[in-house]
Asker: 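For reference, the structure I am asking about is given below.
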2 protein chains.
Amino acid sequence: MPANTREKSTAEILNEHSVAMSVDCVVFGYDDTDGDLKVLLIKSETKEFKDQWSLLGDLVLPTESLNTAATRILKKRTGIEKVYLEQVEAFSAPDRHPAGRVVTIAYYSLIKIEDYELNVEKLDLEAQWHSLRKIKKLAFDHKDILKICIKRLRRGLQESPVGFSMLPNKFSLKQLQNLYEAVLGIELDRRNFRRKLRNNDILIELGETQKSVTHRPAELYAFDKKKYKKLLAEGKRFSIP
Amino acid sequence: MPANTREKSTAEILNEHSVAMSVDCVVFGYDDTDGDLKVLLIKSETKEFKDQWSLLGDLVLPTESLNTAATRILKKRTGIEKVYLEQVEAFSAPDRHPAGRVVTIAYYSLIKIEDYELNVEKLDLEAQWHSLRKIKKLAFDHKDILKICIKRLRRGLQESPVGFSMLPNKFSLKQLQNLYEAVLGIELDRRNFRRKLRNNDILIELGETQKSVTHRPAELYAFDKKKYKKLLAEGKRFSIP
DNA sequence: AAAACTTTGTGTCATTATGACACATTTGAA
DNA sequence: TTCAAATGTGTCATAATGACACAAAGTTTT
């Protein structure tokens, strides 16, 4: 790709074209206690955005891939190693960072809030969950990034079974529906939702029921990866609604 | 995002984390004469990939956004200014470029082959069209990039009316169907395809017909942006099939 | 001039997916 | 025992889809 020149070496040219790169992660979690989709945020460490909340990000090291950087950031900020992670988009407005040129690659990631909470004390984690609908302003262009990431999450949720990454391993269909409603921002008919799930056949009924509820307890299910692969192998696609 | 430190300035830190960035464009065109989806390629200018074909790319300048870089590359390589352009994904394997660290952002772009051909002589353009199904090997990781871009194009084609960017302003439904079949790699039923188009109501019948064909001439249509906006405003989505 | 050829253009029908909706079931609490 | 508050299931009308056959408009051939 470098233009042909007589004077400069390729290495010099690369060096002259260098810019700082960062990775910013939108970490989604679903809180069934209040039915809100939440995002992990930290207080910005950049003085220009003092006291403002920001996404979880860091500069990319010169020798690591972007996925590695994203994984590293998530490990550092949540203590969790294996997370659902998806690259979303590069944000590159030349003036997006006050200290200089920084191109950032946005990722979104899905974790179980309970997994994070387990690590908070042990690892002295500082990120906090914020309800999506309450987030007004963020540092840098992080609000834009968040917006795009939500779009992507919505799409993902409708055409692949990613939602389970935000639920406990055992969950009720009601919880699953709540999650879909929270993310998509629409109401779903319980009966139609359940029918759809039944037709897709990607869940396994655990034979257990919800405990300590003051009404009829719900059946608990788990996502069955094998069933899902089988569905894909048959050329079918998971889709909601 | 930069870590807090006592010694180094933020500018220094950014500098130490700098890497070269490039933009690589997959330029798609549809050739109705042979029914093939094609891609513009040039001979690689990097000595390690001498005589190999490569995507249209360049290093990103320190002050331009990625979209600006992509537009600049397309202008230079095709002479066309207003093109359909979509950012796809960042490719960041640390060893993907032999001369050093270069993270590349892939774009795909749709143009009319005829528009390109109009400029070839005038601007002495060197890129050439290659049938997708004949491309075996490309420089760098460009084959991987191409693969991902095709996926994205397929998705785009099914859920938004982007195909028209690769057709002449006046086209027959047969041409449109050929394009869909070429891109998606599947056969479509003519009657069902036309019904779908009719239901989406985004075309305008021009009242003209195909000329100099040895059989019944086809009606010519144009894509109607207003109709499409109206469709979206009604909350409906364009989809094929 | 008529017949043959080639491709465009349209309609029907069975099947499947969707959206709207009502009632029975299971638990704990009163 | 009854009540309250959920979970869980079935039906029906409508819309979307896939499979399919025949008529229409040109050109070429005879």
Side-chain angles (χ1 to χ4, degrees), chain A residues 32-35 157-159 167-168 170-181 184-222 231 234-241, chain B residues 32-35 157-159 161 167-168 170-182 184-222 231 234-241:
Chain A
D32 198 48
T33 60
D34 60 7
L157 201 64
Q158 278 169 323
E159 56 194 42
L167 284 181
K170 303 174 180 186
F171 53 86
S172 69
L173 291 183
K174 176 67 173 166
Q175 278 177 296
L176 187 60
Q177 183 182 341
N178 287 344
L179 178 136
Y180 270 85
E181 292 182 334
L184 300 178
I186 54 174
E187 296 221 325
L188 298 171
D189 183 272
R190 181 162 43 102
R191 295 152 288 194
N192 295 341
F193 180 78
R194 298 166 84 94
R195 175 179 57 192
K196 191 78 188 175
L197 259 296
R198 222 179 300 131
N199 290 346
N200 276 320
D201 188 32
I202 53 168
L203 298 183
I204 187 163
E205 194 172 337
L206 295 172
E208 298 174 53
T209 55
Q210 230 175 1
K211 296 299 169 200
S212 49
V213 281
T214 173
H215 49 75
R216 176 173 180 175
E219 290 288 328
L220 294 182
Y221 294 83
L231 190 83
E234 287 167 8
K236 293 176 189 171
R237 290 190 303 175
F238 174 80
S239 74
I240 295 282
Chain B
D32 198 48
T33 60
D34 60 6
L157 200 64
Q158 278 168 324
E159 56 194 42
L167 284 181
K170 302 175 178 184
F171 52 86
S172 68
L173 291 183
K174 177 65 173 167
Q175 279 177 296
L176 187 61
Q177 183 181 341
N178 286 344
L179 177 131
Y180 271 84
E181 291 183 335
L184 301 178
I186 53 174
E187 296 220 325
L188 298 170
D189 182 274
R190 183 161 43 104
R191 293 151 292 194
N192 295 342
F193 179 78
R194 297 167 85 96
R195 174 178 60 192
K196 192 77 187 176
L197 259 295
R198 221 179 301 131
N199 290 347
N200 277 320
D201 189 32
I202 53 171
L203 298 184
I204 186 163
E205 194 172 336
L206 295 172
E208 299 174 52
T209 55
Q210 229 175 1
K211 296 299 169 198
S212 48
V213 281
T214 172
H215 50 74
R216 177 174 180 175
E219 289 289 329
L220 294 183
Y221 294 82
L231 190 84
E234 287 166 9
K236 295 177 188 171
R237 288 191 302 174
F238 173 78
S239 75
I240 296 279

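Proteins come first, then strands; the chains are lettered A, B, ... in the order of their sequence lines, and each starts at number 1.
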Asker: Rounded to the Å, how far apart are B:Leu203 CG and C:dG9 P?
Answerer: 12 Å
Asker: As a test of reading the structure: which of C:dC21, D:dA19, D:dT28 is closest to the side chain of B:Arg195, going by heavy atoms?
Answerer: D:dA19
Asker: Establish, with yes or no, whether the OP1 or OP2 oxygen of C:dG9 is under 4.0 angstrom from a side-chain nitrogen or oxygen of B:Arg194.
Answerer: yes
Asker: Go through A:Phe171 and A:Asn178 one step at a time and tell me if the side-chain contact (heavy atoms from CB on, under 4.5 Å) criterion holds.
Answerer: CA-CA 11 Å; A:Phe171 53 86; A:Asn178 287 344; over 6 Å; no
Asker: Looking only at the aromatic ring of each residue, does the gap between the centers of A:Tyr180 and A:Phe193 stay below 6.0 angstrom?
Answerer: yes
Asker: Can you see if the side chain of A:Lys196 gets near the phosphate of C:dT18 - specifically, an N or O under 4.0 Å from OP1 or OP2?
Answerer: yes
Asker: Atom CZ of A:Arg191 to atom C1' of D:dT11: distance rounded to whole Å?
Answerer: 11 Å
Asker: Rounding to a whole Å, what distance do you find between B:Phe171:CZ and C:dT8:P?
Answerer: 15 Å
Asker: Given 3.5 Å as the limit, does a donor-acceptor pair link the side chain of B:Gln177 with the main chain of B:Leu188, or not?
Answerer: yes
Asker: Could you tell me whether the phosphate oxygens of D:dA5, OP1 or OP2, come under 4.0 Å of any side-chain nitrogen or oxygen in A:Arg216?
Answerer: no
Asker: Rounded to whole Å, how long is the line connecting atom CD of A:Gln210 with atom P of D:dA5?
Answerer: 16 Å
Asker: B:Arg190 has an atom CZ; how far is it from atom P of D:dA23, in whole Å?
Answerer: 15 Å
Asker: In whole angstrom, what separates A:Asn192's CG from D:dA13's P?
Answerer: 16 Å
Asker: How long is the line joining CG of A:Leu173 and P of D:dA6, in whole Å?
Answerer: 17 Å
Asker: Could you state the CG-C1' distance from A:Asn178 to D:dA6, rounded to the nearest angstrom?
Answerer: 12 Å
Asker: Ignoring the backbone of A:His215, work out which of C:dT10, C:dA20, D:dA5 is nearest its side chain.
Answerer: D:dA5
Asker: Is there a donor-acceptor pair under 3.5 Å between the side chain of B:Asp32 and the backbone N or O of B:Gly35?
Answerer: no
Asker: Looking at every strand, decide which applies to A:Glu219 at a 4.0 Å heavy-atom threshold: base, sugar-phosphate, or nothing.
Answerer: sugar-phosphate
